[in-house]
Amino acid sequence: MANAVLITFAGYPFTPSSLCPDNGLANLAAVLQGAGHKVRILDFGTVDNMRRLYPEEIARKAGPILQELAQAGPSLSASLLQQLAEVNDRLEQHQARETQALAEEITQEVADLEPALVGLKLWNGDGFSGSVTIAETLRRRFPKGKLGIFAGGPHASWMGHRIYRRTEAFDAIVVGEGEDKILPLMDRALKGNGFTGMPGVTTSADAPATPTNSVNLDDIPSALYSEDVYPSMQGDQKLKLIILDESRGCPYCCAFCTHPVESGTRLRTRSAKLIVDDMEQVVQSLGIHAFRFAGSSTPGPLMAEIAGEITRRDLSVQYASFAHFASASPDHFELMRKSGLVAMFFGLESGSPELLRRSAGKPIKIEEIGGTVRAAQEAGIAVACSLIVPMPFETEETMQESLRVLQSLRPDSVLVQFPGLLPGTPWFLEPEKYGFEVDREQYLLENLDYKIKLLFPPAFWQALPYKLNGRTFKEFSALTARFVAMVEQSGLVTGIPDDNLLMARLAGIEPRQFRDLARAWCLTGNVTAMEQFVQAHNRGATAV
């Protein structure tokens with residue numbers, strides 16, 4: 001029929017999770033192949049690309065400076081900041097040159113493959129600017145009408161038609177899910193009919209689109225990870241950890257959360273049988289036994305059903321998952337662990353009942369969650385809990401309240417984030433109600449290209465243009481860092497999500513040690529160490 005190329009470029013990997021295969025593009029590839037088209041996935045979240053974007057000569061310069069930074073504490077000298085700035089500038093210049101060179105190489109590969117359609121998955125930061133570089137380089141070689149170029153992914157869903165203020169390289173931008181749109185996009189590209197008028201698709205800066213999220217997950221064919229379709233799956237370029245779309249949509253609609261925006265407020269699930277069919281197929285065809293569920297709040301009854309299906313088939317797997325305190329099934333935790341569940345991620349967000357109600361709109365009761373955490377840990381399942389600090393209306397008293405709750409729960413990991421304003425969420429749509437001060441349109445435009453400064457602590461990143469509780473970005477992010485220090489001083493471990501807990505287990509590394517090592521590898525460009533970790537992880541993931 002026709003050829004298609006799907007591309008994901010997220011920039012330099014900030015975490016090991018960046019090296020996992022992309023389930024979204026693997027889903028789209030399966031839909032295209034099922035319709036008779038040929039597909040190639042170009043995934044640049046690889047060990048080799050990490051090496052390319054952080055050369056050894058800059059790594060040698062950065063290492064000692066970052067070691068000094070780690071010992072300096074919260075106060076940084078002007079001299080150290082100047083050294084960091086110089087290395088950061090060199091690194092950014094190098095990455096810009098390499099991204100352009102990569103775009104030229106991709107353009108030549110596209111010319112050789114002669115596709116009708118190229119799709120780019122948009123991420124934020126360097127993932128956005130780099131993808132724009134790729135798209136514009138393609139467009140210079142292939143004018144409109146010669147090649148259909150579209151964008152999708154999380155940043156496309158957040159920013160939508162505003163992306164056209166940054167570039168006109170895309171024929172179409174998909175907001176929301178893509179599995180139901182990829183074949184119509186291909187059909188229009190082949191016929192040259194243009195892309196206007198498609199639901200959930202925008203084609204100009206003056207044509208906003210509403211996300212459409214109605215895909216029946218049971219209708220999606222099994223994702224494609226075969227090396228002929230997905231070349232970066234060869235060898236140890238990526239972590240052998242497969243993401244499964246077991247559920248989408250979230251009915252809880254927490255005030256800060258973008259998942260209902262990205263995948264709708266109606267919970268949709270894939271049948272347990274099909275999920276375990278997918279697992280079994282990956283085990284048999286790729287020899288990979290490690291998985292993570294993609295849903296933002298996998299319902300407890302579905303997890304129990306999956307666990308039962310795995311044990312009935314005597315399938316040897318290890319996996320991690322999001323969960324929700326409101327639907328978790330403690331009575332089934334023993335079965336879940338027996339089936340291979342290693343870690344669960346729960347969104348706690350605050351230990352203050354008032355803030356959970358007033359700031360988060362989160363339907364959980366503090367007095368009831370302790371039993372869930374204990375039951376999971378007693379069954380042998382590691383538990384990661386997330387918090388947002390400061391919350392809207394946060395006080396010193398509510399921070400201490402959160403700390404006391406964490407000390408009582410004793411989760412295996414605590415993830416603390418500063419309060420982000422994400423498009424489409426109640427925090428973003430009604431900022432004044434929650435104590436935010438922001439010019440929403442200006443905020444979105446500035447966030448199109450917002451880049452994290454890899455080498456600097458968050459307090460030294462470019463200030464985001466909003467305030468919370470009267471505090472500037474620098475002030476409230478410093479409060480986040482202080483709370484992290486308080487949690488660590490209480491004896492708890494911070495900063496290890498559920499997938500990293502699984503990775504550490506598969507590689508045979510203690511979680512806290514893995515967290516510290518992985519941070520150092522990414523910050524200092526120690527690609528050799530990261531490569532060795534990937535190899536160790538993959539041995540574990542293929543030998544379960």
Less than 4.5 Å apart, any side-chain heavy atom of I242 and any of N23? no
Using only heavy-atom distances, determine whether the side chains of E262 and N213 contain a donor-acceptor pair under 3.5 Å. no
When you measure from the side chain of K240 to the backbone N and O of M233, does any donor-acceptor pair fall under 3.5 Å? yes
Steps toward salt bridge (charged side-chain N to carboxylate O under 4.0 Å, His left out) verdict (D171, R188): CA-CA 11 Å; D171 291 287; R188 293 196 180 201; over 6 Å; no
Carboxylate-amine/guanidinium contact E179 R248, below 4.0 Å: yes
Indicate yes or no for a side-chain donor-acceptor contact from E246 to the backbone of G295 under 3.5 Å, with no hydrogens or angles considered. yes
Heavy-atom distance under 4.5 Å between the side chains of L224 and V39, does that happen here? no
Lys/Arg N to Asp/Glu carboxylate O, R515 vs E510, below 4.0 Å: no
Residues D277, R313: salt bridge by 4.0 Å N-O rule: yes
Starting from the C-alpha separation in whole Å, work towards a yes-or-no answer on side-chain contact (heavy atoms from CB on, under 4.5 Å) for D43 and Y230. CA-CA 8 Å; D43 183 342; Y230 205 141; 2.5 Å; yes
If we count only N and O atoms by modelled type, under 3.5 Å, do the side chains of T258 and W158 hold a donor and an acceptor together? yes
Would you mind reporting whether N500 and P16 have side-chain heavy atoms less than 4.5 Å apart? yes
For the residue pair K181 / T212, report whether a side-chain donor-acceptor contact shorter than 3.5 Å exists. yes
For the pair S386 and F346, evaluate side-chain contact (heavy atoms from CB on, under 4.5 Å) and give the outcome as yes or no after the intermediate values. CA-CA 7 Å; S386 66; F346 288 96; over 6 Å; no
For Y12 and D126, test the side chains for any donor-to-acceptor distance below 3.5 angstrom and give the result as yes or no. no
Are L102 and N49 packed together at the side-chain level, in the sense that at least one heavy-atom pair is separated by less than 4.5 angstrom? yes
Between R51 and E56, is there a side-chain N and carboxylate O pair less than 4.0 Å apart? no
Using a strict cut-off of less than 4.0 Å between a Lys/Arg side-chain nitrogen and an Asp/Glu carboxylate oxygen, indicate whether R52 and E98 qualify as a salt bridge. yes
Check for a donor-acceptor pair, side chain of R268 on one end and backbone N or O of S263 on the other, with a separation under 3.5 Å. yes
In terms of heavy-atom contacts, does CD of E305 have more than 12 from other residues, nucleotides or ligands at under 6.0 Å? no
With a 4.5 Å limit on heavy-atom distance, are the side chains of C20 and M503 in contact? yes
If you take the centroid of each ring, where Trp contributes its six-membered ring, are F322 and F293 closer together than 6.0 Å? no
Using distance alone, with no hydrogens and no angle criterion, decide if D278 and S222 have a side-chain donor and acceptor under 3.5 Å apart. yes
Considering only residues two or more places apart or on different chains, which pairs with a residue in residues 322-346 satisfy side chain to side chain donor-acceptor pair (under 3.5 Å)? Y319-S339
Between F9 and S131, is there a side-chain heavy-atom distance shorter than 4.5 Å? yes
For the side chain of S18 and the backbone of P13, is there at least one donor-acceptor N/O pair under 3.5 Å apart? no
For the ring pair F533 and F514, is the centre-to-centre distance below 6.0 Å? yes
Would you mind reporting whether L19 and Q237 have side-chain heavy atoms less than 4.5 Å apart? no
Verify whether one side chain among T8 and W123 offers a donor that lies under 3.5 Å from an acceptor in the other. yes
Pair D22 + K121, salt bridge at N-O below 4.0 Å: yes
Looking at side-chain heavy atoms only, is the closest gap between V283 and I288 below 4.5 Å? no
Less than 3.5 Å apart, any donor N or O on the side chain of D48 or T46 sitting next to an acceptor on the other? no
Under the salt bridge (charged side-chain N to carboxylate O under 4.0 Å, His left out) rule, what do R270 and D245 come out as? Steps first, then yes or no, please. CA-CA 7 Å; R270 189 167 173 87; D245 284 278; over 6 Å; no
Test log, rule side-chain contact (heavy atoms from CB on, under 4.5 Å), inputs L409 and L348: CA-CA 11 Å; L409 293 177; L348 173 57; 4.0 Å; yes
Aromatic ring proximity, centroids under 6.0 angstrom, F150 and F170: no
